[in-house]
Structures are given as structure tokens and as C-alpha cells.
Amino acid sequence: MSDKSLACETLLKEAAALIGGDSPRLDAGLLLGSVTGWSRTTFRAWPEREVDVTLVTRFSTLVEQRCEGHPVAHLLGEQEFWSLPLKVNPFTLIPRPDTECLVEAALALDLPPNASVLDLGTGTGAIALALASERPGWQVSACDAIPAGVDLATDNATRLGLPVTVEHSNWFADLPPAVFDLIVSNPPYIAGDDVHLGQGDVRFEPASALVAGGDGLDDIRRIVAEAPGWLAGGGWLILEHGYEQGEAVRRLYTDAGFASVETGQDYGGRDRLTLGRKHD
Ligand code: GLN
């Protein structure tokens, strides 16, 4: 890439051609925006606006990293989820748009105004924070097995001024005794031998957030089996899972005694989450 002052449009074109992939122009715009502090509207309205040489150098470095496959969210240090700007880092999963479907499913439930809610394996805190932002009366807590996840979610809660408490716990193992009206989780659910793990942005995300043992269902199996011990009568469990896992996850729920078991779809219309209700 160039190392002299250049117009935005020239830089964006050059960068997009190098980046390729699904959204090269968007990626380039986000990266140039983070370096210049200018919005993508500015780039459109004022394409000839000159970018100073020092900023061009910084932008070129980011573009090179993007070309190596580093996710844009890691390069920006931030990812939006449910309209909340969340800090991200390489120790946890980058929140995915499809996980907003899980948030929608949770908000559609008929829960008490002061419901107690737990987000297992919260990572950035995305699900817990989205729920707390929508339902100020809910008592939302979260946990993560990775200390860096606990710190990140806590930091995001503080920045957003949302009252979510985050514990260090490997699923339910280290939680203080409690009873919840709703338990949610986006656990790892990809089988270790899945070819997608070696491709694209996920190569830069931690296996701990993506990969579960055996068929990818080991963590889900454990959560479904243990959840009834932590749910109030009539309480709900909602889990995200792979698009081919709906039937298997429904069976796990039914075997664990859940009622009203149902699978919901993601924005692409594929099975992505399953919910069920503990008997009263
Ligand atoms: N949906 C994510 C992906 O396809 C995986 C999320 C997860 O493992 N919890 O990359």
C-alpha cells in the first residue's frame, strides 16, 4: 500500500482490492474510520479528502493484518451487538449477529418483571448485556471459565453502565447456589475436526469459545443435564447451537425432562437455537 498522503477514495479502493472476501469495502471503511476518526458517511460525501501520511502508514498496517485474516473486530478492538458497542479481544468469541436471535427469543418469553437470569460462558458479555439493556428489572448475572472473559464482560458492563455481575465459573461448577428463571448460553458447539476452523476469521478466535468435544455437543450436553438443578419451576433454558444440531439438542432437552421444547432459526433461516421449559 501507499506511503504518502492520499485521498480517502483512493485509499479505500486500493485497500478493498487487497482485502477481498465478503465485504472488502466495508472492512476498508471501518479500518480507515478507526485511523482517521472520520465516519463512513464522510468518505462518501468527501471522497477526495486527504489522509495524512502518518495515518496512511497506520492504515496500511491494519490492511496488511486484515489481509492475513485478522478479524476486523480484533483490529478495531470493538464489535457492535444489539446496538451496544462491545470491547472484544482474542481471548473470547467475537459476538455474531445471529446470536441476536437468541436475545429476541429470550425477550419474547413471559417472565416475571424481576426475573433472575444467567448467561453461561458470556465472553464479551454480549447476551447478558443485551438482556440487561432491554429489561432493567431483570437481575442478570453471567459467568465465564476464562479469567480474560470475566474481565472483558465486567469492563463492558461498566462502560455501558449496565448492572450485570460476572463470576469466574466453568459452566455451573463454581457458581454460588442460586435459582434462575432463565438460563441462556452460546456455548462452543463446533466439532474439533470441522474444516471451517482452518478457514477465515475463526482461525484467530480461541478454540475454547468455538470447539466442543466429540460431535461438538459435549458442552451443550453438560449444560442441558445440569440446568434443571439451577432453574426455578417453569424456568427456561435457551441455547445457541449449530444449524445441523437442532434435532439432537431437542432430544437432549426432552431426555432431561424439559417441556415446550422448540427450535428457532437464525437470520439465514437455519436452525440456530433451542429452548425448553422446566416443569412447574
Ligand atoms: N456461530 C459461530 C461460528 O459459526 C460459532 C459460535 C460458537 O461456537 N458458539 O463461527
Side-chain angles (χ1 to χ4, degrees), residues 21-22 27 65-81 86-103 118-129 142-156 166-175 183-227 237-246 248-249 252 266 268 270-274:
D22 294 341
D27 292 2
Q65 289 175 303
R66 180 69 192 123
C67 291
E68 286 162 16
H70 290 277
V72 174
H74 284 172
L75 299 176
L76 302 180
E78 196 174 283
Q79 169 75 37
E80 195 165 287
F81 180 82
L86 299 178
K87 290 202 108 197
V88 300
N89 66 32
F91 299 107
T92 70
L93 194 76
I94 299 167
R96 310 284 204 266
D98 282 328
T99 301
E100 294 184 351
C101 298
L102 189 156
V103 173
L118 171 68
D119 176 16
L120 290 166
T122 195
T124 58
I127 301 172
L129 294 167
C143 69
D144 204 281
I146 312 264
V150 178
D151 292 346
L152 184 62
T154 305
D155 187 22
N156 278 324
V166 190
E167 314 262 1
H168 182 210
S169 177
N170 185 11
W171 306 131
F172 296 104
D174 313 302
L175 288 180
I183 297 174
V184 293
S185 182
N186 174 17
Y189 52 70
I190 301 176
D193 58 1
D194 192 310
V195 290
H196 296 102
L197 292 167
Q199 300 166 1
D201 293 14
V202 289
R203 289 173 298 153
F204 295 85
E205 292 180 278
S208 60
L210 295 164
V211 179
D215 48 4
L217 286 170
D218 278 5
D219 287 294
I220 290 182
R221 226 174 252 123
R222 184 164 161 197
I223 295 169
V224 175
E226 294 180 23
L237 174 67
I238 314 181
L239 298 180
E240 181 171 321
H241 52 70
Y243 68 98
E244 292 170 321
Q245 295 171 333
V249 176
L252 291 173
D266 61 21
R270 293 162 304 201
D271 285 356
R272 184 61 66 187
L273 60 97
T274 291

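Hydrogens, waters and symmetry mates play no part in the numbers below; they use all other heavy atoms, side chains included.
- Of the possible donor and acceptor atoms, none in the side chain of D219 sits under 3.5 Å from a partner among the backbone N and O of A212.
- To the nearest 0.5 Å, atoms CG (N170) and CD1 (I146) are separated by 8.5 Å.
- With a 6.0 Å radius and a threshold of 12 heavy atoms from other residues, nucleotides or ligands, F204 has its CZ atom above the threshold.
- Between L118 and the options L237, V184, L175, a side-chain contact (heavy atoms from CB on, under 4.5 Å) holds for only L175.
- Taking each heavy atom of P187 and W171 in turn, the nearest pair found is CB-CH2, 3.7 Å.
- Side-chain N or O atoms of D144 include one that pairs as donor or acceptor with a backbone N or O of G123 at under 3.5 Å.
- Between P90 and P206 the shortest heavy-atom distance is O-CD, 3.3 Å.
- When every heavy atom of P71 is checked against every heavy atom of I94, the shortest pair comes out as CB-CD1, 3.5 Å.
- If you take CG on D215 and CG on D194, they are separated by 12.0 Å, rounding to the nearest 0.5 Å.
- Taking CD of E167 as the reference point, atom CG of L120 lies at 11.5 Å (rounded to 0.5 Å).
- Of the listed residues (T274, I183, L273, V103), just one forms a side-chain contact (heavy atoms from CB on, under 4.5 Å) with I238, and that residue is L273.
- Closest approach of P188 and S208 over heavy atoms only: CG-O, 3.4 Å.
- Sorted by first and then second residue, the side chain to side chain donor-acceptor pair (under 3.5 Å) pairs with a member in residues 88-97 read R96-E205; sequence neighbours excluded.
- Here CG of L76 is found 9.0 Å from CG of D27. Values are rounded to the nearest 0.5 Å.
- H168 places a side-chain N or O within donor-acceptor distance of the main-chain N or O of A145, the cut-off being under 3.5 Å.
- Contact between L197 and A191 at its shortest, heavy atoms only, is CD1-O, 3.5 Å.
- The two atoms that bring Q79 and A73 nearest to each other are OE1-CB, 3.5 Å, heavy atoms only.
- Evaluation of the salt bridge (Lys or Arg N to Asp or Glu O under 4.0 Å) rule for R272 yields D266 as partners, not counting sequence neighbours.
- At least one side-chain heavy atom of H241 sits under 4.5 Å from a side-chain heavy atom of I220.
- Atoms OG1 and CZ, on T99 and F81 in that order, are 5.5 Å from each other to the nearest 0.5 Å.
- Note on R221 versus D218: salt bridge recorded, some NZ/NE/NH1/NH2 to OD/OE distance being below 4.0 Å.
- Between the side chain of Q245 and the backbone N or O of Y189, at least one donor-acceptor pair lies under 3.5 Å.
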- Message: One pair to check against side chain to side chain contact (heavy atoms under 4.5 Å, CB included): R66 and L75. What are the steps and the verdict?
- Response: CA-CA 8 Å; R66 180 69 192 123; L75 299 176; 4.0 Å; yes

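- Summarising the geometry, atom CG belonging to D151 is positioned 12.0 Å from atom NZ belonging to K87; distances are rounded to the nearest 0.5 Å.
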